[in-house]
Q: 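Below: one structure in structure tokens.
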Amino acid sequence: MIANSLSWKANAGWSQPVADLPAAADLLLCFGSAEALEASNGPAAELRRRYPKAISVSCSTAGEICSGSVSDDGLAVLVLGFGHTRVRSISTAVGSSADSERAGAAIGRGLLHPDLRHVLVLSDGLAINGSSLTAGLRGVLPPHVPATGGLAGDGARFRRTLVGLGDKLGPNQVVGIGFYGPAFRAEHGSAGGWRAFGPKRRVTHAEANVLYTLDDKPALALYKRYLGDRADELPGAGLLFPLQLLSDSSEETGLVRTILAVDEEKQSLTFAGDLPMGHYVRLMKAGHDALVEGARTAAETPTGSKIKGPRAAILVSCVGRKLVLGRRVEEEVEAVLQQLGKGVDAVGFYSYGEICPSGLTHGCELHNQTMTLTVIGEDE
Amino acid sequence: MNSLLLRQLRQYRLEPAHQPSGLVQLLDTISATYNELEKDRRHLEHTLEVASEELNEANEQLRRDAENKLLRLSLYYQKTLEGQQGMILCFRKEGNEFVHTLCRGQLARRLGWTAERVEGKKLGAFLPPDTADALRTIYERAWTGEECTFEGQSTDGAIAYLARLQPRLGEDAVPEVILSGVEITDRKRAEVELLAAKERAESADRSKSEFLAVMSHEIRTPLNAIVGFTHLLSEAIRDEEQAMWVKTIDESTRVLQTLINDILDFSKIEEGLLDLVPEPVRVTEVMQSVIALFRPAADDKSIALELRLDAALPKVIQADPMRVKQILSNLVSNALKFTHQGTVCLAAAVGRSPDLDNAATEILFSVSDTGIGIPESARHRLFRLFTQVDSSTTRNYGGTGLGLAISRRLARAMGGELDYTSEAGKGSVFTFTLPIAIEQVADRRVLAS
């Protein structure tokens, strides 16, 4: 496997000359701002022209990760070339949140093959119900095939996210990449670092991923009260207080839900995943140190040390972490890189939701507020 | 620029405006970092404050809920205690006096024992002195740990109640006694009425027996004259038709005589005036005389009349021969009366007691017949006065319905019993057991040896 990571910034251009890149590649992963991805004379288009035969995947972000640095309004790219692994891609449109499970199943079915080893899934971050999308994928993929990835971002604006293959990118898209053959290896890990605080609250009115009331009181009012002066920064500021999702007998599920949108008229909050009625939730908070430690923990397992050959890491971290970490956001990326060791090309993005297997759940599950990473490689 | 950073710069005499542009950019970044840290701190402080407020609100809500719940529960208990038909009082001893801690219930209110008059008060505060003294005695007993009950009534006597005192047991002393009471006015009234009715009934019964005894005696005297003169008349009359008339008078008079004697017997038994005269009796002879007495009647109906005697039968027992004969006669008479063909058998056997060295303790007389039998439905009426199996019996067989009632009472008066088994249409067996006194048993053995 050949892996190259590089970045592009509006004021500085490419981090390394495109001409120095290998002559051939199989897969381009481009994470960046809508403009950098869409513009016909932009950097993403430039790369696509250089590798016309490669599968080119684009995904908008709330921040790009390339090696140890995090930037906005630029582009982070991973260029991959395989020796023994076949790669296939599929995309599907997702009409609405309710359509999410079908979209997940469609991606899974489109990629299904006895040689399938791993699925990378990138999805629209606003129109989707991430829980349903992963449920759809789980329903189709065999237990030994995990899926990892995330939901596209739009800075802290929550207005328009883009995903696509080649130059066909736009909102309401889900893309799946399948990796085939016994030589391909992937390892994954996910962790948060958030701590629940305050009382357990019961979900008393919710419809799928739209939450209306907790303990029969408007959920939006609760968020506004906790945000105080920063309430006008909603929905972005809502990321400061994700919800820990507990079962209906108030046991921990390991799942965290984060806000995607706010509806003042209906006094409702839209989350990236479902909040089942009757279940309990707790507000969560985190400080810098806890988040950095969480990121390090996520990278403990998937070190890819068994991979004989070049390794690449795809990092998907939640926009909420970026909001809390602020100027210190790179510290969590550094913690991951330190854990992975030298010789790993790490590229990724800040997302509206992370996708990764969770605990005993095979396949995949939607996460929020985590650092999720997938380390890939190929036995040579 | 952040005010703290600005102060710090001025402290070191570094005026931001006069610095090179690279340094100004760095200072701006530092200033922004200061501001962000400040913002983060405020955010954390605010979070802490809101969480603390929420906790406080939840706490308050819990306290209010608990208070409301307690209040509701307390009201519920109070209403229940006050609404109950009965009453409940609690008291404890303070010094030498009993002080009430609770007094609720409709009965208490009707007795005039309202919560205001009783709770926190001593006995004398709401009761007349004699009632208070009486109650104090019972209170003292309960205070020792003994459960007790007493019956009391309202001052005007209109309400009667039953109270149960239940001491609460503490570590080693009684901390309080619970008195629970129910009204028993109706029961008391019913008891009094029942007692009066019983007395009236007994008095009426006595009058009846006395009346019967007197009347029977008064009737017997002229009846004896009729019997005597009828006998004389029967010897004097030669005309056959007239002789028949006299015979009818004679038979009717004898029936009347038997009836009068029965009534007199019965009256005596009922009044406890029956005199039994025990004397040595030869059982066999008594039985033979009964057989002899009824032989003609049996022959008339072509019924076999048998006598069966147990070889072990004692020769002599101590008994009232007249009464033994009366019972046996009555049984044989009945058997003949209700048997149309077959056999009537009078038998006697010895009953032995395994406890007394298998010694003979009683004689079992029995009269069996092959007569019409007695339906099971008549069992409860059979030994009643003036009752027979049914009303048609009197019509078809005559009799007064006194015989069996008297016989059973006589048997019992002698320490024995009279009973029967029967099957309708197949016959009956009447059994009369007569105990032999233990001394007599011993005597008889001496005689036998």
Q: Return yes when atom CZ of B/Arg64 has more than 12 non-hydrogen atoms of other residues, nucleotides or ligands closer than 6.0 Å, and no otherwise.
A: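 Check passes, neighbour count above 12.
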
Q: Top residue by heavy-atom pair count (under 4.5 Å) with chain A, among B/Thr47, B/Thr33, B/Leu55?
A: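 If we count pairs closer than 4.5 Å to chain A, B/Thr47 comes out on top.
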
Q: Compare every heavy atom of A/Val324 with every heavy atom of B/Asp40, then report the nearest pair and how far apart it is.
A: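 Closest heavy-atom pair between B/Asp40 and A/Val324: OD2-O, 4.3 Å.
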
Q: Please report the shortest heavy-atom distance between A/Arg225 and B/His46, naming the atom on each side.
A: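 Where A/Arg225 meets B/His46 most closely, the heavy atoms are O-NE2, 2.8 Å.
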
Q: Measuring from atom CG of B/Leu37 to atom NE2 of A/His288, what distance do you get when rounded to the nearest 0.5 angstrom?
A: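 Between atom CG of B/Leu37 and atom NE2 of A/His288 there are 7.0 Å.
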
Q: Looking at every non-hydrogen atom in both residues, tell me the closest pair between B/Ala32 and A/Arg327 and how far apart they are.
A: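 The answer is CB-NH2, 3.0 Å.
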
Q: Do other residues, nucleotides or ligands put more than 12 heavy atoms under 6.0 Å from B/Gln84 CD?
A: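 Yes, enclosed.
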
Q: Is any NZ, NE, NH1 or NH2 atom of the basic residue among B/Glu57 and A/Lys217 found under 4.0 Å from an Asp or Glu carboxylate oxygen of the other?
A: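 Here B/Glu57 does not pair with A/Lys217 in a salt bridge, since their nearest N and O are not under 4.0 Å apart.
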
Q: Tell me, side chain or backbone of A/Arg328 under 4.5 Å from chain B's heavy atoms, or both, or neither?
A: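 Neither the backbone nor the side chain of A/Arg328 comes within 4.5 Å of chain B.
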
Q: With a 4.5 angstrom heavy-atom cut-off, is it the side chain or the backbone of A/Leu283 that approaches chain B, or both, or neither?
A: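 Neither part; nothing is under 4.5 Å.
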
Q: For B/Gln19, does the CD atom sit with more than 12 other heavy atoms under 6.0 Å from it, leaving out its own atoms?
A: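 Yes, because the 6.0 Å sphere around CD of B/Gln19 holds more than 12 heavy atoms from other groups.
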
Q: Sort B/Ala51 into side chain, backbone, both or neither according to what part of it lies under 4.5 angstrom from a heavy atom of chain A.
A: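 The answer is both parts of B/Ala51.
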
Q: For residues 226-281 of chain A, pull every pair meeting ring-ring contact (aromatic ring centres under 6.0 Å, His included), keeping only residues two or more places apart or in separate chains.
A: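 For residues 226-281 of chain A: A/Phe197-A/Tyr226, A/Tyr226-A/Phe241, A/Phe241-B/His43.
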
Q: For B/Gln25, look at atom CD and say whether over 12 heavy atoms of other residues, nucleotides or ligands are found less than 6.0 Å away.
A: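 No.
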
Q: At a 4.5 Å cut-off on heavy atoms, which part of B/Glu49 comes close to chain A: side chain, backbone, both, or neither?
A: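 Contact with chain A involves no heavy atom of B/Glu49 at all.
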
Q: Might you confirm whether atom CD of B/Glu36 has over 12 heavy atoms from other residues, nucleotides or ligands at distances under 6.0 Å?
A: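 Above 12, so yes.
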
Q: Around atom CG of A/Asp232, are there more than 12 heavy atoms from other residues, nucleotides or ligands closer than 6.0 Å?
A: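 Counting other residues, nucleotides and ligands, CG of A/Asp232 exceeds 12 neighbours.
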
